[in-house]
Amino acid sequence: MALLIKQTGFAGTLLTLLLSISTVHGENDPMGMGVAHETFLDAQKNVFIRWYYNASHLDIQLTGKTLGWLAVGFSPNGGMDQADVMMGWVDDRTRRAVVQDRFIDADSYESVNLQLDSQQDWSLVSSSQNESHTTLRAVRKLVTCDLLQDRPVTSDTMHMIFAMNPSDPRTPTSIVKHTYRGARSLLMLTDAFRTDAVAMLNADTSIQELDIVVNQVPILATSRTMYHCSLVKLPPIDQKYHIIGIKPLITPGNEGIVHHLLVYTCASTIDDNFPTKDFDCTLDGTPNPLRDQVTQNCSTILAVFGTGSDTYYFPPEAGLPLTQDMGEKYVFLEMHYDNPAGITTVDSSGITLMVTTNLRDNDAATMMTGSVDLSYTMLVPPHQDDFVIYGHCAANCTSANLPRKGVNVINVFLHTHLLGRKVYLRQMRNGREMAPLAKDENYDFTYQESQRISPAKVILPGDDLIVECHYSSVARDTVTWGGWGTPEEMCMAYVLVTLLSGLFSVALAVWFNLSDS
């Protein structure tokens, strides 16, 4: 019997429609920037950004639902103060575009000084305006020489801010206050939001989709943090497939409370006779035999999703194996809900696995490392500006768990909770520290996107792996303990790997839990 579920077709974003009514003047891809990335910056879909980058420059095309000025900026924390801003408009009288490089000093929301930089680093590429939208395209260096008023664009999370006003400025130096603004974090210098990813999937006519979702889970206003466990039975699988994409499937309106989810494959001991397939598995200190039984028998990670992240597309050389022996067995879907606003709702979220019979050259595997012991041995004291916790997989740990020739790292998902500010996945070999396998020095709990590692990096048996997490507890008056709940803390890295050549055996397909502390 064949696998599945539903045949798929992929469509582009609304930018295609948006630009179809807007003539853009200028080069299509200046400076050989390569692949485009694009996404909306706001839930209302009023502000759209498309960007390109190479080793030295960033090219941004910003489209807003306005006939006045619009702006996008890089902020230290998602606020206006100390933000580096690109602002522009298409002049109603001359039809000529203006792009400016500005910097914000903001003592409060009402006291905002939008300074014009003495050094203008944005160069206009093209512009357009129709009856409803304005589009501006400009380019600048990733790291400019203006160290005081420009923020470098790096591979870390970039805290983006945006704003608009329906009117042009009265003069180029007299800016009327915004009427619409917002913020969103993005990993800009990674493979997230690539426009060609959909095209690559469209070229594979064998792709099918498998949904793994919870069923009508009640979310109570009294639950700040809640974990729900669901056992989902896979359909019969007639041949080997590769999972080549993982897409979040979030119940509309619940985007703000589905914080993250993990899907694990289960041993045959989890079967139709398991007493219940859906249950609350929140770790609150009380015994939970059902959770214990599931976590002991379902430990191979199949998929990970974090809040704010986009559809993940595997690199073209790799896929996560879905094999015949997995057919009609159960997977364990663990949902983490974060409900600080006290919303009462019902949730049927999960993920969609995009699978194909056109097998890639390499099987992929997921390994987890970090401070995996979330008992009272992990704590963050109060009133600390920069408290550091380390999770260590030493040389004997990797020697015992990794294949003899090692593995290629192709993707890393870094994870802490509310206090996390910086995360590093460090690597040591023969007593010498190498470049980090992954890092994020602007970590944002509300935006947890995995990082594509390209070119792939190698971990060998005998290497040391260290997950280093930095926390700020300045605003807390009590100790923060390690734990699964949102107000508690974690320090983890989920690492997607392939063998240096060939395919994993079924036995290795695939899960490593790398930790000795």
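Remember, it's a predicted structure, so these values are computed and weren't measured experimentally.
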Peer 1: Do you see a donor-acceptor pair shorter than 3.5 Å between the side chains of Ser206 and Thr356?
Peer 2: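 A pair is found: one side chain offers a donor N or O, the other an acceptor, under 3.5 Å apart.
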Peer 1: Can you check whether Lys422 reaches Tyr471 side chain to side chain, under 4.5 Å on heavy atoms?
Peer 2: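 No, too far: nothing below the 4.5 Å cut-off.
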Peer 1: Do the side chains of Arg426 and Glu433 get nearer than 4.5 Å, heavy atoms only?
Peer 2: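 A side-chain contact under 4.5 Å exists here.
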Peer 1: For the residue pair Phe445 and His417, categorise the inter-ring angle as parallel (less than 30°), tilted (30 to 60°) or perpendicular (more than 60°).
Peer 2: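 The arrangement is perpendicular - the two ring planes meet at more than 60°.
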Peer 1: So do the side chains of Phe387 and Ser473 get within less than 4.5 Å of each other, counting heavy atoms only?
Peer 2: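 They are not in side-chain contact.
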Peer 1: Could you tell me whether Arg137 and Asp59 have a side-chain N and a carboxylate O separated by less than 4.0 Å?
Peer 2: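 Salt bridge flag = yes for Asp59 with Arg137.
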Peer 1: In this structure, which one of Glu449, Glu38, Met188, Arg50 forms a side chain to side chain contact (heavy atoms under 4.5 Å, CB included) with Phe193?
Peer 2: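 Passing option: Glu449.
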Peer 1: Check whether the side chains of Asn362 and Thr498 place a donor and an acceptor atom closer than 3.5 Å, and report yes or no.
Peer 2: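 Distance-only check fails for Asn362 and Thr498.
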Peer 1: Please check if any side-chain donor atom of Thr398 sits under 3.5 Å from a side-chain acceptor atom of Asp463, or the reverse.
Peer 2: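 No, Asp463 and Thr398 have no side-chain donor paired with an acceptor closer than 3.5 Å.
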Peer 1: Does the side chain of Pro436 reach to within under 4.5 Å of the side chain of Leu425, using non-hydrogen atoms?
Peer 2: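 SC-SC contact between Pro436 and Leu425 ruled out.
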Peer 1: What I want to check is whether the side chains of Asn411 and Gln451 have a donor and an acceptor closer together than 3.5 Å.
Peer 2: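 Their side chains do not contain a donor-acceptor pair, so the 3.5 Å distance test is not met.
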Peer 1: Is any NZ, NE, NH1 or NH2 atom of the basic residue among Asp84 and Arg140 found under 4.0 Å from an Asp or Glu carboxylate oxygen of the other?
Peer 2: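 Salt bridge flag = yes for Arg140 with Asp84.
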Peer 1: In terms of ring plane angle, is the pair His470 and Tyr424 parallel, tilted or perpendicular, where the classes change at 30° and 60°?
Peer 2: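 His470 and Tyr424: perpendicular rings.
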Peer 1: Is a side-chain donor-acceptor pair under 3.5 Å present for Gln448 with Ser309?
Peer 2: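 Not at all, the side chains of Ser309 and Gln448 share no donor-acceptor pair under 3.5 Å.
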Peer 1: Under 3.5 Å, is there a donor on one side chain and an acceptor on the other for His159 and Asn77?
Peer 2: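 Judged by distance alone, the side chains do not pair up.
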Peer 1: Measure across Val99 and Gln120 and return the closest heavy-atom pair with its distance rounded to 0.1 Å.
Peer 2: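 For Val99 and Gln120, the tightest heavy-atom pair comes out as O-OE1, 4.3 Å.
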Peer 1: So, are Lys240 and Asp363 salt-bridged, with charged N and O less than 4.0 Å apart?
Peer 2: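 Looking at Lys240 and Asp363, the cut-off is met.
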Peer 1: Determine, step by step, whether Gln427 and Leu465 satisfy the side chain to side chain contact (heavy atoms under 4.5 Å, CB included) criterion, reporting the C-alpha distance in whole Å, the side-chain angles of both residues, the deciding distance to 0.1 Å, and the verdict.
Peer 2: CA-CA 5 Å; Gln427 182 181 20; Leu465 299 179; 4.3 Å; yes
Peer 1: Within a reach of under 6.0 Å around CZ of Arg95, are more than 12 heavy atoms found that belong to other residues, nucleotides or ligands?
Peer 2: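 It does: Arg95 CZ has more than 12 such atoms within range.
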Peer 1: Look at the rings of His415 and Phe413 and say which category their plane angle falls in: under 30° parallel, 30 to 60° tilted, over 60° perpendicular.
Peer 2: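 Rings of His415 and Phe413: parallel, under 30°.
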Peer 1: Will you find, in the side chains of His336 and Glu334, an N or O donor that is under 3.5 Å from an N or O acceptor?
Peer 2: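 Judged by distance alone, the side chains do not pair up.
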